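Notes follow once the structure below has been shown.
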Amino acid sequence: GSRNVTIDDVDGLTVNGDTTITGKITVGDSHLIGDDNTDNLVLNSSSGENIVLASSGNVFLNTGASSLTSQGTTRMVVNSLGKVGIGTSSPDKLLHLKSSDDTLLKLESTDTTVRLALTDSNGTSQVKNTGGKLILEADPSDATSNTYLGFEVDASEVSRFNSSGRLGIGTTSPDVPFHVEAGQNVIAQLEATHTDGNARMLFKPKDNNGWNIGANDDGSFTIFDVVA
């Protein structure tokens with residue numbers, strides 16, 4: 001097709017039509033656009049300066065494109081609200097990952113410990129892996145008083161560990177190491193699958209023998225002391 005090339009001191013270089021440029025393009029104070037020695041497109045800013053990619057709408061990152069009209073598959077998008085989607089072009093959170101893979105995100109550290117820090121205006125909690133051990137840390141820097149590790153189901157708390165290490169089930173204020181509250185007569189069931197058919201519970205004081213309480217397979221109930 002026809003081309004129209006104009007150069008003036010107002011608009012600079014204007015090219016109407018398809019154009020092929022062999023070699024690099026220098027923009028401003030040594031910004032470069034061109035290909036490297038392995039035929040890759042390179043955008044290179046001058047020393048100490050940034051590259052700004054701006055759009056009045058969304059910004060898409062695609063792979064597999066073969067032409068301007070065949071743009072391949074969208075891998076990542078930053079929409080006009082600043083939300084980032086990877087695997088989705090419609091992110092509804094600040095970072096939205098979508099994939100058919102079971103594992104969507106991998107955090108890897110070259111150190112012996114890796115942490116995911118969750119911080120709000122009042123403090124920080126962490127999920128930590130160290131040597132294959134999964135550790136949940138509530139307020140590891142002790143910045144907030146009365147912190148706890150809680151578990152919720154259907155938007156309701158079902159249990160918590162408080163800062164004294166006490167576990168409460170059905171209560172938010174456990175006053176002993178293991179505290180259970182429930183609106184029913186049976187609040188705990190201990191069931192053994194051992195081959196002898198008996199179920200036992202051991203009460204053992206410090207530096208002393210304990211007492212064994214249990215239900216036997218024949219329906220009888222026993223209480224006896226345990227000799228070390």
Side-chain angles (χ1 to χ4, degrees), residues 86-88 91-120 122-228:
I86 300 177
T88 176
D92 58 11
K93 294 293 182 290
L94 191 60
L95 176 62
H96 185 163
L97 309 181
K98 184 177 181 180
S99 173
S100 59
D101 294 340
D102 293 335
T103 303
L104 292 183
L105 179 65
K106 181 178 181 179
L107 306 177
E108 184 174 356
S109 172
T110 56
D111 195 6
T112 57
T113 298
V114 59
R115 294 180 177 88
L116 175 63
L118 307 173
T119 301
D120 62 13
N122 294 316
T124 298
S125 291
Q126 298 182 149
V127 180
K128 181 172 73 173
N129 171 65
T130 176
K133 297 181 287 294
L134 178 64
I135 301 172
L136 305 179
E137 297 180 321
D139 189 25
S141 61
D142 196 21
T144 306
S145 60
N146 300 319
T147 54
Y148 62 90
L149 180 63
F151 299 88
E152 294 185 358
V153 178
D154 294 333
S156 297
E157 182 177 312
V158 294
S159 64
R160 71 165 58 183
F161 285 95
N162 67 15
S163 57
S164 299
R166 295 172 178 173
L167 171 60
I169 299 177
T171 176
T172 59
S173 303
D175 51 21
V176 292
F178 182 50
H179 185 164
V180 180
E181 289 187 12
Q184 59 190 62
N185 293 330
V186 179
I187 60 173
Q189 178 172 319
L190 306 178
E191 184 173 348
T193 58
H194 192 267
T195 54
D196 65 7
N198 302 324
R200 299 278 186 264
M201 184 166 57
L202 176 64
F203 294 86
K204 190 176 187 303
K206 182 180 179 181
D207 301 327
N208 206 337
N209 298 331
W211 285 88
N212 194 311
I213 300 176
N216 301 318
D217 190 38
D218 59 5
S220 61
F221 184 77
T222 57
I223 301 176
F224 58 91
D225 61 337
V226 179
V227 179

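Note that the structure is predicted; figures quoted are calculated from it, not measured.
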Worksheet item: If you look at every heavy atom in Pro205 and Asn209, which pair is closest and at what distance?
Response: CD-O, 3.2 Å

Worksheet item: Under 3.5 Å, is there a donor-acceptor pair between the side chain of Asn198 and the main chain of Asp217?
Response: yes

Worksheet item: Do Asp154 and Ser156 come close enough that some side-chain heavy atom pair is under 4.5 Å?
Response: no

Item to complete: State whether the number of non-hydrogen atoms from other residues, nucleotides or ligands found under 6.0 Å of Asn146 atom CG is greater than 12.
Response: no

Discussion item. I'd like to know if the side chain of Asn162 reaches the main chain of Gly165, judged simply by a donor and an acceptor atom lying under 3.5 Å from each other, with no hydrogens or angles considered.
Written reply: yes

Fill in: Rounded distance [0.5 Å steps], CD1 in Ile135 versus CZ in Arg115
8.5 Å

Worksheet item: Distance from Phe178 atom CZ to Leu167 atom CG, nearest 0.5 Å?
Response: 6.0 Å

Worksheet entry | Nearest atoms (heavy-atom pairs only) where Asn122 meets Thr144 | O-OG1, 2.9 Å

Item to complete: Please tell me if the side chains of Val127 and Leu134 come closer than 4.5 Å, counting only heavy atoms from C-beta onward.
Response: yes

Worksheet item: In Å and rounded to the nearest 0.5 Å, what is the CZ to CZ distance from Phe161 to Arg166?
Response: 13.5 Å

Fill in: Rounded distance (nearest 0.5 Å) linking atom CG of Leu202 with atom CG of Asn212
6.0 Å

Practice prompt. List the atom of Phe221, the atom of Ile213, and the distance in Å for their closest heavy-atom pair.
Written response: CZ-CG2, 3.2 Å

Practice prompt. Taking the side chain as every heavy atom from C-beta outward, state whether Thr113 and Lys128 have any pair of such atoms under 4.5 Å apart.
Written response: yes

Worksheet item: Has the side chain of Ser109 got a donor or acceptor atom that lies under 3.5 Å from a matching backbone atom of Asp111?
Response: yes

Worksheet item: Can you tell if the side chain of Arg200 reaches within under 4.5 Å of the side chain of Thr222, non-hydrogen atoms only?
Response: yes

Practice prompt. With rounding to the nearest 0.5 Å, note down the distance linking CG in Leu95 to CG in Leu105.
Written response: 8.0 Å

Worksheet item: Near Lys98 NZ, under 6.0 Å, is it more than 12 heavy atoms from other residues, nucleotides or ligands?
Response: no

Discussion item. Give me the atom names and distance for the closest heavy-atom approach of Ser125 to Ala138.
Written reply: OG-CA, 3.4 Å

Worksheet item: Taking atom CZ of Arg160 and atom OG1 of Thr172, what is their separation to the nearest 0.5 Å?
Response: 5.0 Å

Worksheet entry | Closest non-hydrogen atom pair between Val186 and Gln184, with its separation | O-NE2, 2.7 Å

